[in-house]
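Here's the structure, in structure tokens; my notes come after.
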Amino acid sequence: MPKTSTARALNRKDLTGPALRTFFRIAEAWNLQEQEQMRLLGLESRSTFQSWRRGAVAAISKDALERISYVLGIYKGLHILLPKTADQWIRKSNTAGIFGGRSALDRMTSGNVADLYVVRQYVDAQLG
């Protein structure tokens with residue numbers, strides 16, 4: 001049975017709190033600055049970011065959920081690959097072709113959701 005737009009909206013509403021709490025825990029583990037967090041979430045408005053941080057939002061966008069999903073996948077994959085240095089890896093320069101000597105965080109904070117996808121794919125490929 002196909003989901004209605006109401007069902008999708010309810011799903012996003014149900015996922016919003018857990019997704020944001022998880023994102024902000026990862027942001028803390030990665031020592032992300034506010035601007036880095038906003039870029040990962042695809043936000044331009046600081047007031048919107050602050051509302052999200054306080055949990056004062058009913059449902060975040062599909063785009064934001066997708067971004068958080070990629071961040072979570074990257075975080076989880078790194079902790080499997082590099083249990084002791086996972087949280088530092090994202091800031092280290094990387095010679096892999098997709099990074100061009102920059103860090104994974106540089107790539108992820110470009111503002112494009114596609115860059116989060118590329119980093120997630122890279123981490124997943126390292127997992128085999």
Side-chain angles (χ1 to χ4, degrees):
M1 178 181 281
K3 287 189 175 187
T4 64
S5 61
T6 305
R8 282 191 296 271
L10 291 173
N11 193 23
R12 280 191 296 117
K13 186 176 182 180
D14 293 341
L15 293 172
T16 290
L20 288 175
R21 286 189 298 276
T22 300
F23 174 82
F24 288 120
R25 284 188 198 112
I26 292 170
E28 187 175 322
W30 286 352
N31 292 313
L32 298 180
Q33 301 299 314
E34 184 176 276
Q35 192 62 38
E36 293 168 328
Q37 294 176 52
M38 288 175 61
R39 299 215 28 116
L40 287 176
L41 291 169
L43 293 176
E44 294 182 11
S45 166
R46 188 169 186 269
S47 61
T48 299
F49 173 78
Q50 292 296 332
S51 294
W52 287 18
R53 187 144 181 85
R54 287 191 312 273
V57 57
I60 59 176
S61 68
K62 182 178 178 276
D63 177 72
L65 279 173
E66 181 180 1
R67 289 168 175 274
I68 292 170
S69 174
Y70 289 138
V71 168
L72 176 57
I74 292 163
Y75 178 84
K76 181 180 174 186
L78 289 174
H79 277 268
I80 293 168
L81 285 169
L82 309 164
K84 294 181 181 180
T85 60
D87 295 332
Q88 292 77 39
W89 181 85
I90 63 155
R91 290 194 185 272
K92 293 184 180 199
S93 62
N94 194 317
T95 58
I98 66 162
F99 301 114
R102 299 178 319 152
S103 71
L105 186 61
D106 286 340
R107 178 83 192 242
M108 293 188 303
T109 56
S110 71
N112 299 316
V113 71
D115 288 310
L116 290 166
Y117 171 79
V118 167
V119 174
R120 170 72 190 271
Q121 291 297 109
Y122 175 83
V123 171
D124 287 351
Q126 301 308 305
L127 287 168

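Just so it is clear, the values below take in all heavy atoms, side chains as well, and ignore hydrogens, waters and symmetry mates. Residues: numbered from 1 along the sequence shown.
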message: Distance check, rounded to the nearest 0.5 Å: Gln33 atom CD versus Met38 atom CE?
response: 13.0 Å

- line: For Ser93 and Gly101 the tightest heavy-atom approach is CB-O, 3.1 Å

field: N/O donor-acceptor pair under 3.5 Å between Gln37 side chain and Leu32 backbone
entry: yes

Any side-chain heavy-atom pair of Tyr75 and Asp87 under 4.5 Å: yes

query: Looking only at heavy atoms, what is the nearest atom pair of Leu65 and Leu15, with distance?
result: CD2-CB, 4.1 Å

- request: Would you name the heavy atoms of Trp89 and Ala104 that are closest together and state the gap between them?
  value: CZ3-CB, 3.4 Å

statement: Distance col, row Leu81:CG vs Asp124:CG, nearest 0.5 angstrom, shows 9.0 Å

message: Quick check on side chain to side chain contact (heavy atoms under 4.5 Å, CB included): which of Ile26, Val71, Leu78 does Ile90 satisfy it with?
response: Leu78

task: State, with a plain yes or no, whether a side-chain heavy atom of Leu116 is found less than 4.5 Å away from one of Met108.
output: yes

query: With distance as the sole test, does Ser61 use its side chain to make a donor-acceptor pair with the main-chain N or O of Ala64 at under 3.5 Å?
result: yes

- request: Take Val119 and Phe99 through the side-chain contact (heavy atoms from CB on, under 4.5 Å) test and state the conclusion after the steps.
  value: CA-CA 9 Å; Val119 174; Phe99 301 114; 3.8 Å; yes

task: Please name the pair of heavy atoms, one in Arg107 and one in Ile98, separated by the smallest distance, quoted to 0.1 Å.
output: NH1-O, 2.5 Å

- prompt: Atom CD1 of Ile74 and atom CD of Gln121: how far apart are they, to the nearest 0.5 Å?
  reply: 10.0 Å

query: Does the ring center of Tyr122 lie less than 6.0 Å from the ring center of Tyr70?
result: no

Leu41 and Ile60: CA distance, side-chain angles, deciding distance, side-chain contact (heavy atoms from CB on, under 4.5 Å) verdict: CA-CA 10 Å; Leu41 291 169; Ile60 59 176; over 6 Å; no

- request: Only counting residues at least two apart or in another chain, list the ones meeting salt bridge (charged side-chain N to carboxylate O under 4.0 Å, His left out) with Arg25.
  value: none

field: Phe49 CZ to Arg54 CZ distance, which is reported to the nearest 0.5 Å
entry: 11.0 Å

task: Kindly give the heavy-atom pair with the smallest separation between Ser69 and Arg120, and that separation in Å.
output: O-NH1, 3.7 Å

- request: Say whether, by atom type as modelled, one donor and one acceptor occur between the side chain of Arg91 and the main chain of Asn31 under 3.5 angstrom.
  value: yes

- request: Kindly write out the residues that satisfy salt bridge (charged side-chain N to carboxylate O under 4.0 Å, His left out) with Arg46, not counting sequence neighbours, or none if the list is empty.
  value: Glu34

- request: May I ask you to decide if Ala114's main-chain N or O and Asn112's side chain share a donor-acceptor pair within less than 3.5 Å?
  value: no

field: Over all atoms of both residues, closest heavy-atom pair of Gly111 and Arg39
entry: N-NH2, 3.7 Å

task: Report yes or no: does Arg67 contribute a side-chain atom to a donor-acceptor pair with the main-chain N or O of Leu40 at less than 3.5 Å?
output: yes

- prompt: More than 12 non-hydrogen atoms from neighbouring residues, nucleotides or ligands closer than 6.0 Å to OH on Tyr117, yes or no?
  reply: no

Any donor-acceptor pair under 3.5 Å from Ser51 side chain to Ser47 backbone: yes

